[in-house]
Amino acid sequence: MHEFSYHAPTSVNEAINLLATHGAKARLLCGGTDLIIQMRAGTQQPSCVIDAKRISDLRRLSLDPATGLFLGAAVPCVEIYQNEAVASRYPGLVDAAKLIGSVQIRDRASVGGNLANGSPAADSVPALIALGAVARIAGPDRERTVPVEKFVVAPGRTVLKADELLVGMQIPLPPANASSAYLRFTPRNEMDIAVVGVGVAVKMSGEGCLEAQIALGAVGPTQIVAKEAATYLAGKRLDEATLEHAGRLAAQAATPIDDTRGTAEFRRHIVSVLTRRALLATAARLRPNHSGN
Amino acid sequence: MAKTRIEATINGEPVEFLCEPRQSLLEVLRDVLNLTGTKEGCLTGDCGACSVILNGRLVCSCLVLGLEVAGATVETVEGLAAGTELVPLQQAFLQQAALQCGICTPGFLVAAKALLDSNPNPSETEIRYALAGNLCRCTGYDKIVRAVMDAAALMRQGQGRASSPMQGREA
Ligand SMILES: Cc1cc2nc3c(=O)[nH]c(=O)nc-3n(C[C@@H](O)[C@@H](O)[C@H](O)COP(=O)(O)OP(=O)(O)OC[C@H]3O[C@@H](n4cnc5c(N)ncnc54)[C@H](O)[C@@H]3O)c2cc1C
Ligand code: FES
Ligand code: FES
């Protein structure tokens, strides 16, 4: 690796000051599962690395009945799925957190880093979008918020300015009649990058869908919100014909490319299949006798 | 770049070392502390040969900076055996012939230890998922999985970590 200075600030302010001094040459470090690889490959050569893991705000995972979940940017995936209160209310987020890499990766990798890295295939991002997550960003003079669906602007690029950092994600508390799911397609079961990822959150009344959110990953330069499919589902029973049609609408929202991992046509097909399955999985989680996630 | 003095606990012992920001924990273990049991494979988090337990969690030491372990607890493969006495996991790997070239073995042992620390009775599927971050190019994995199942059984029979080889087993 190239030479750089290492800092481990203990407050957001201290980190902001470091960013002000080092500007675009500084990078935040959470689990390092993207950053250290990029530095070793030479694709990222920051002169200053700011370890975020000693900042308590960024390590905080807290559930509040009024405001919902605050997920600090540096909280590793393992702390999300091992937290039963979080797991029961945000199963879609937990689906994604459990899919990222291997045990070795999930014990270190954060959702904040997954988002800030800006990959279109990042597993946590469609789940966050479906759950209505908002990114909290700290800068030199103020904090601002950006909905997660607007956070990534291009592959590897986000709305963060050189002097800003991601504090964490605020996720509203889903009502009792709502649930969520994230499904992805990969050729292997573990340790693979999504060819397609679909996150859904649904509010139900009996077998009827009151409201839905659907977000797609790995089928465009950034994550895509499948608005038409979601709007179509509102007020419908989730029967086979409805699910089929919602899947088709979601597939139409996708803008995939052909690559070695799958053709655009294949990816669109998978979007429709996974959308249907994710909706079914979410509805199943809301049935009274449903156990576990 | 100036070196920083770092204090950490490695395999139960307090350790001090000097480290540059750009050195990974893997480099520190192997090149500075001479703990060469931890192996270097891919350097991209894919192979798990560099697995260690950091503050109770299984991580790839190639994806940790040496400076990050200030004040931390690190367990490496060297910390498994008590002197020359192998723990059940190590015995089971030998018994099942769960290694050929051996480069992946330290990583598998550490990953398996992390699994058995939290789940003393894993199913075969649980073992396969828990070890998915460790690659082996020689064995085909089945023998490794069987070794972990055997070790778990041995340990459940109350054989502690200091148990002597082969006790309580049929040959
Ligand atoms: C073997 C392997 C398998 C993987 N499998 C998957 C997978 O299946 N699915 C998947 O989605 N991902 C996968 N990944 C990538 C995944 O581990 C990362 O995207 C991870 O979630 C990033 O989090 P981190 O804490 O490691 O971030 P880091 O690597 O520390 O940081 C990532 C980027 O975000 C920036 N950053 C971090 N925190 C902040 C902050 N607070 N403010 C501003 N910028 C910040 C960093 O500067 C860096 O550019 C895999 C990685 C590996 C090595
Ligand atoms: S060397 Fe660290 S995972 Fe391969
Ligand atoms: S024994 Fe050779 S790689 Fe596993």
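In the text below, chain A, chain B and the rest are named by the order of the sequence lines, each starting its count at 1.
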Practice task
Might you confirm whether atom NZ of K143(B) has over 12 heavy atoms from other residues, nucleotides or ligands at distances under 6.0 Å?
Solution key: no
Practice task
Kindly check if the number of other-residue, nucleotide or ligand heavy atoms within 6.0 Å of CD (E84(A)) is above 12?
Solution key: no
Practice task
Of all the heavy-atom pairs spanning Y6(A) and P21(B), show the shortest one and how long it is.
Solution key: CB-CB, 4.0 Å
Handout entry: Closest approach of S24(B) to R40(A) (non-hydrogen atoms, all atoms of both residues)
Key = CB-NH2, 3.6 Å
Exercise for the section: With the side chain counted from C-beta on, respond yes when L65(B) and M1(A) share a heavy-atom pair under 4.5 Å apart, and no when they do not. Expected result: yes
Problem - Residue R277(A) excluded, over 12 heavy atoms near CZ under 6.0 Å - result: no
Completion exercise
Heaviest contributor of heavy-atom pairs below 4.5 Å to chain B, chosen from E79(A), M39(A), R106(A), is E79(A)
Exercise for the section: Among E3(A), K53(A), H2(A), single out the residue with the greatest number of heavy-atom pairs under 4.5 Å to chain B. Expected result: E3(A)
Fill in the blank from the handout: Separation between CG (D107(A)) and CG (N55(B)), nearest 0.5 Å, reads 11.0 Å
Completion exercise
Residue from C62(B), C60(B), G45(B), S51(B) scoring the most non-hydrogen pairs under 4.5 Å with chain A is C62(B)
Problem - Per-residue contact mode, V52(B) against chain A (heavy atom under 4.5 angstrom) - result: neither
Handout entry: Engaged part of A111(B) at the chain A interface, taking heavy atoms whose separation is under 4.5 Å
Key = side chain
Exercise for the section: Would you give the length of the straight line joining atom CD of Q104(A) to atom OG of S61(B), rounded to the nearest 0.5 angstrom? Expected result: 10.0 Å
Problem - Contacting moiety of L29(A), where chain B heavy atoms sit under 4.5 Å - result: side chain
Fill in the blank from the handout: CG (N134(B)) and OG (S102(A)) are apart, to the nearest 0.5 Å, by 7.5 Å
Handout entry: Beyond-backbone contact of L63(B) with I105(A), side-chain heavy atoms, under 4.5 angstrom
Key = yes
Completion exercise
To the nearest 0.5 Å, atom CG of L58(B) lies from atom CZ of R108(A) at 12.0 Å
Exercise for the section: Start with the C-alpha distance between E68(B) and R54(A), add both sets of side-chain angles, then the distance that settles salt bridge (Lys or Arg N to Asp or Glu O under 4.0 Å), and finish with yes or no. Expected result: CA-CA 10 Å; E68(B) 287 184 68; R54(A) 294 182 198 252; over 6 Å; no
Practice task
First locate atom CD1 of I36(A), then atom CG of L43(B), and finally report the distance between them rounded to the nearest 0.5 Å.
Solution key: 11.5 Å
